[in-house]
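What follows is a short report on a single structure.
Positions are given from 1 along the sequence.
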Amino acid sequence: MAALTSIRTSEGRLEIVNQLLLPHTTEFIEIKTIEDAFDAIKSMKIRGAPAIASLAALAVANHLSNALKASPTPPWLETTDALKQHVSELLAHLFTARPTAVNLGAATRRLSKKLQVEIDAGKDTRTIAQELIAEAKQIDAEDVGRNKLMSKWGGEWLVEHVKSQGGSGADLNVMTVCNTGSLATSGYGTALGLITYLHETGKLQRAFFTQSTPYHQGSRLTAFELQSLKIPSTMLCDSMVGSLFQHHHIHAIAVGADRIARNGDTANKIGTYNAAVLAARHNIPFIVVAPVSTVDLEVADGSGIPIEHRPAIEACLVRGALYPPKLDAQEVKEQATVMVTPEGLEEVFNPSFDVTPASLITAIVTEKGVAVKKSGEEAFDLTPIV
Ligand code: MRU
């Protein structure tokens, strides 16, 4: 099976896989405009903190390169003031598509900063646009390399940690939550990257993953990725984590992150906090794997992380398709959702993320290395890894 991808670009065409239809069909959707990108992120056709940042950046790149080719060129390319206003508005709009994943804000801030630097350097509008296109493409391109790095740091750290506790460091069973692989990034993945690294180096026995309801990123996406990577794996319902820890030897939990506060408190997919509480109870190391762009040093602790609440309806339905699988996109769309609640349900609590306190986290890994807490401390010093 070919490596899965969330975004593909060729000859000026920007496309994403519609993740709402996975794993039943692989439909590529063209992202022609900034609004298409905004809608795809908001409706979760593309999701995962690094992937949405990449798409936002690439959509800006496409918008600018189309404008450079247009005849006549749009009026906002005539002066640097007009260019600044136009690009700033686009970035501000994209930034609002999803509030918790800070990578999106990191990407839009990076492009804003680049815009200002080029304006201050006195460059003309066409050159500034070209510089912005290059910077946007760089945001996407650098993701895969840093994912491989953090996966290696985290994998090696885990092997040594297990050995330091008297284990062999081989045949590791690692559980994860949500989807943090190629579909959630520009390639390889973060927590799923760590699992992939252990598999590639012969250290993994089995990956365990929760369904990650209500969006089923685990059962729809992680299951698909692990199958395509041929990694031995076991799915469990979110409510079975405690039972898994009671009955299986799980060596570690590895999760991604949507935002990591200065003290190490980490927002990630809903259900991550439950897994961390249970991991602490069972003395299982809990590892967060994320790029530096996920760390928000301006937020002191988890109480300052905005938590996105998704529409009630998304917790009242399941997305799926009748078997046999391999239906075409239209058939999958027709079968796509089944309601599992009575009509007129009074109220639904549907936060998309929760915050795991730093005190429950054993290690935080970025492309710069691994941070652990000093003995007796509740918070991380993230300075060495950001
Ligand atoms: O709502 P989603 O599917 O975008 O949430 C994704 C997660 O919570 C991931 O764990 C996180 O973004 C890290 S992806 C490498």
Taking the side chain from [X] and the backbone from [Y], do they hold a donor-acceptor pair closer than 3.5 Å?
X: T176; Y: F209; value: no
X: S243; Y: M240; value: no
X: E308; Y: F353; value: no
X: R206; Y: L172; value: no
X: N147; Y: G187; value: yes

Run the salt-bridge test on [X] and [Y] with the 4.0 Å N-O cut-off and return the result as yes or no.
X: K163; Y: E160; result: yes
X: K137; Y: E135; result: no
X: K148; Y: E142; result: no

Determine whether more than 12 heavy atoms belonging to other residues, nucleotides or ligands lie under 6.0 Å from atom [atom1] of [X].
X: E378; atom1: CD; value: no
X: N283; atom1: CG; value: no
X: F38; atom1: CZ; value: yes
X: K373; atom1: NZ; value: yes
X: Q85; atom1: CD; value: no

[X] side chain near [Y] side chain, heavy-atom distance below 4.5 Å:
X: R13; Y: E15; answer: yes
X: I31; Y: L55; answer: yes
X: V372; Y: W157; answer: yes
X: H199; Y: L229; answer: no
X: L236; Y: F208; answer: yes
X: K368; Y: V292; answer: yes
X: T73; Y: R126; answer: yes
X: P306; Y: R259; answer: yes

[X] and [Y]: which non-hydrogen atoms are nearest, and at how many Å?
X: L111; Y: L132; value: O-CD2, 3.4 Å
X: T366; Y: W153; value: O-CD1, 3.2 Å
X: A37; Y: L94; value: CB-CD2, 4.2 Å
X: S54; Y: D140; value: OG-OD1, 3.3 Å
X: I253; Y: A279; value: CG1-CB, 3.9 Å
X: A40; Y: I16; value: CB-CD1, 3.7 Å

Between [Y] and [X], is there a side-chain donor-acceptor contact under 3.5 Å, judged purely by atom types and distance?
X: H251; Y: Q205; value: no
X: T213; Y: D238; value: yes
X: N268; Y: T266; value: no
X: H216; Y: S219; value: yes
X: N350; Y: E314; value: no
X: D81; Y: T79; value: no

* Taking only residues two or more places apart in sequence, or in another chain, which ones meet H63 in a ring pair (Phe, Tyr, Trp, His ring centres under 6.0 Å)? ->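 For H63 the ring pair (Phe, Tyr, Trp, His ring centres under 6.0 Å) partners, ignoring immediate neighbours, are W76, H86.
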* List the steps, then state whether side-chain contact (heavy atoms from CB on, under 4.5 Å) holds for Q217 with T180. => CA-CA 9 Å; Q217 288 94 333; T180 61; over 6 Å; no
* Distance (rounded to the nearest 0.5 Å) between H309 NE2 and I270 CD1 ->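 Here the interatomic distance stands at 8.0 Å.
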* To do: Any chance you could lay out the side-chain contact (heavy atoms from CB on, under 4.5 Å) test for V288 and V365, step after step, and finish with the verdict?
  => CA-CA 6 Å; V288 173; V365 187; over 6 Å; no
* Determine the sole option in L91, V60, N62 for which the side-chain contact (heavy atoms from CB on, under 4.5 Å) test with I34 is passed. =>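 The passing option is V60.
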* To do: Check K113, K84, Q130, E131 against E118 for a side-chain contact (heavy atoms from CB on, under 4.5 Å) and give me the one that passes.
  =>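 Going through the options one by one, the only one that passes is E131.
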* In chain order, what residues pass the side chain to side chain contact (heavy atoms under 4.5 Å, CB included) check against Q246, with sequence neighbours excluded? ->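 For Q246 the side chain to side chain contact (heavy atoms under 4.5 Å, CB included) partners, ignoring immediate neighbours, are H282.
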* Passes side-chain contact (heavy atoms from CB on, under 4.5 Å), C178 versus T222? Steps please. -> CA-CA 7 Å; C178 194; T222 300; over 6 Å; no
* Do I195 and V289 belong to the same hydrophobic cluster, where Ile, Leu, Val, Met, Phe, Trp and Tyr are linked whenever their side-chain heavy atoms lie under 4.5 Å apart, directly or via other members? ->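 Same cluster.
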* To do: Could you please spell out the steps behind the side-chain contact (heavy atoms from CB on, under 4.5 Å) verdict for R98 and S352?
  => CA-CA 10 Å; R98 290 194 75 190; S352 197; 3.5 Å; yes
* May I ask you to check if R47 and Y215 form a cation-pi contact, with NZ or CZ under 6.0 angstrom from the six-membered ring centre and within 45° of the axis? =>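 The answer is no, since R47 fails at least one limit relative to Y215.
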